Amino acid sequence: MFPVVVVHGGSDQVPKERYEKAKSGGCSAARAGYAVLRAGGSSMDAVVEAVSQLENNPYFNAGRGSVLNIRGEVEMDAIVMDGKTLGSGAVSAVRNIANPIQLARLVMDKTSHVCLTAKGANQFARSMGVPEVPPESLVTEYSRMRWTKNRAPGTDTGKSQMGKMGTVGAVAVDSEGNMACATSTGGLVNKMEGRVGDTSCIGSGGYADNQVGAVSSTGHGEAIMKVTLARLILFHMEQGQSVEAASDLGLAYMESRVGGLGGVVTVDPQGHWAARFSSPQMVWAAAQKDTLHYGLRTGEDFTQSIDDPL
């Protein structure tokens with residue numbers, strides 16, 4: 001077993017003018033997570049670091065760069081899960097926290113709960129000394145443009161999601177064989193105020209169990225919740241399916257049963273990994289054995305030394 005970290009930057013049709021930034025952002029996040037593993041850090045440290053990098057990158061729909069709800073405001077969800085203990089922490093509908101994934105980890109580490117939401121999550125953040133940021137600091141010109149465009153009468157709500165850059169996430173296995181997952185999102189474009197998707201729901205937006213594997217999901221949250229996608233994929237792995245086959249089976253079931261598209265990154269206890277998606281594209285990157293893998297379209301798997309520039 002070789003330590004590995006795999007990240008995704010959301011399953012969606014990535015606009016051509018944003019592809020290079022998204023690709024480099026995904027690769028940088030994988031490198032950051034892998035640096036933690038190379039230094040002997042835990043899988044949880046690695047996935048939180050990788051996702052924090054993506055939250056700080058305005059080209060992704062998480063943290064800074066999150067899409068806006070119907071009122072033109074940012075509301076973010078995040079989850080972490082520890083495969084060794086099945087400990088999990090999540091937050092939903094948080095508004096003025098730069099890195100919701102770090103707050104989710106504090107929920108896991110410092111409370112007896114799994115998920116805190118909205119005002120309660122922000123009160124907990126203050127009690128933990130997590131700094132609040134001005135809400136407008138999380139809003140990009142791109143997100144504001146999409147919000148304005150999608151408010152126009154007659155807008156197709158399905159097509160309005162295209163180009164938003166979806167939920168971000170990561171999975172990892174460390175040198176001790178422990179697994180973890182982390183997922184973070186700004187949600188759907190022009191969503192209803194208070195809407196919470198799959199990301200903060202254990203078994204949907206992510207799941208990690210050292211006995212089986214770890215998954216981080218992305219895609220249409222309502223569809224993912226209906227089939228509990230992350231746990232469904234691990235069920236198939238429990239039945240002997242590989243990371244690739246289990247991921248494909250879960251995604252195919254979601255599409256056939258509820259018409260949902262999406263993507264996942266998956267690892268097993270032996271360090272085998274997969275980045276699979278039913279959507280047109282998914283930004284993803286993986287680091288293992290000092291090699292960086294990355295891609296966007298079906299069938300892509302570009303490789304290079306982890307230390308070489310892109």
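Given the structure is predicted, the values throughout are model-derived calculations rather than measurements.
Every residue two or more places apart in sequence or in another chain that forms a ring-ring contact (aromatic ring centres under 6.0 Å, His included) with His293 is listed here: Trp273. Residues that satisfy the ring-ring contact (aromatic ring centres under 6.0 Å, His included) test with Tyr294, not counting sequence neighbours, are Phe302. Taking the side-chain hydrogen bond (donor to acceptor under 3.5 Å, both in side chains) definition, one finds that Arg95 meets it with Glu73, Glu75, Glu193, sequence neighbours left out. In this structure, Gln270 has no side-chain hydrogen bond (donor to acceptor under 3.5 Å, both in side chains) partners at least two apart in sequence or on a different chain. With sequence neighbours excluded, no residue forms a side-chain hydrogen bond (donor to acceptor under 3.5 Å, both in side chains) with Asp308. Arg276 pairs by the salt bridge (charged side-chain N to carboxylate O under 4.0 Å, His left out) definition with Asp248, not counting sequence neighbours. By the side-chain hydrogen bond (donor to acceptor under 3.5 Å, both in side chains) test, Thr183 is found to be paired with Ser216, residues two or more places apart in sequence or in another chain being considered.
Nearest heavy-atom pair, Ile79 versus Thr199, reported as atom, atom and distance to 0.1 Å: CG2-O, 3.0 Å. Looking at every heavy atom in both residues, Arg105 comes nearest to Val80 through CA-CG2, 3.8 Å. A pairwise comparison of heavy atoms in Ala285 and Ala30 identifies CB-CB, 3.8 Å as the closest pair. For the residue pair Ala172 and Ala46, the shortest heavy atom distance occurs at CB-CB, 4.3 Å.
A salt bridge links Arg38 with Asp290; the closest basic N to acidic carboxylate O contact falls under 4.0 Å. The pair Glu141-Arg144 does not meet the salt-bridge criterion, since no charged nitrogen lies less than 4.0 angstrom from a carboxylate oxygen.
Applying the salt bridge (Lys or Arg N to Asp or Glu O under 4.0 Å) definition to pairs two or more places apart or across chains, those involving residues 209-227 are Arg195-Glu222. Counting only residues at least two apart or in different chains, ring pair (Phe, Tyr, Trp, His ring centres under 6.0 Å) contacts with residues 3-38 are absent.
A donor-acceptor distance shorter than 3.5 angstrom exists from the side chain of Glu300 to the backbone of Arg297, with no hydrogens or angles considered. Of the possible polar contacts, none joining the Glu49 side chain to the Val36 backbone as a donor-acceptor pair under 3.5 Å is found. Between the side chain of Ser143 and the backbone N or O of Gly65, at least one donor-acceptor pair lies under 3.5 Å. At distances below 3.5 Å, not a single donor-acceptor pair connects side-chain atoms of Gln304 with backbone N or O atoms of Leu292. The main-chain N or O of Ser43 is found under 3.5 Å from a side-chain atom of Asp174 such that the two form a donor-acceptor pair. The backbone N or O of Val67 sits less than 3.5 Å from a side-chain atom of Asn61, completing a donor-acceptor pair.
In the hydrophobic clustering, Val94 connects to Leu68, Val74, Met76, Val91, Ile97, Leu103, Leu106, Val107, Leu116, Phe124, Met128, Val130, Val133, Leu138, Val139, Trp147, either directly or through intervening members, whenever side-chain heavy atoms lie under 4.5 Å apart. Clustering of Ile, Leu, Val, Met, Phe, Trp and Tyr side chains at separations under 4.5 Å leaves Met225 isolated, with no partner residue. Residue Leu249 is found outside any hydrophobic cluster, as its side-chain heavy atoms come under 4.5 Å of no other Ile, Leu, Val, Met, Phe, Trp or Tyr.
Under the 6.0 Å distance and 45° angle rule, Arg18 counts as a cation-pi partner of Tyr142.
Judged by distance alone, the side chains of Thr228 and Ser204 never bring a donor and an acceptor atom under 3.5 Å apart. A donor and an acceptor atom, one from each side chain of Glu255 and Ser278, are nowhere located under 3.5 Å apart. Asn56 and Asn99 share a side-chain donor-acceptor pair at under 3.5 Å. Judged by distance alone, the side chains of Ser92 and Ser200 never bring a donor and an acceptor atom under 3.5 Å apart.
Considering NZ of Lys289 and CD1 of Ile306, their distance stands at 14.0 Å, rounded to 0.5 Å. Atom CZ of residue Arg31 and atom CG of residue Asp307 lie 7.5 Å apart, to the nearest 0.5 angstrom.
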Does the pair Val171 and Val5 meet the rule for a side-chain contact (heavy atoms from CB on, under 4.5 Å), with working shown?
-> CA-CA 6 Å; Val171 292; Val5 61; over 6 Å; no

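Counting heavy atoms of neighbouring residues, nucleotides and ligands inside a 6.0 Å radius, atom CD of Glu132 exceeds 12 of them.
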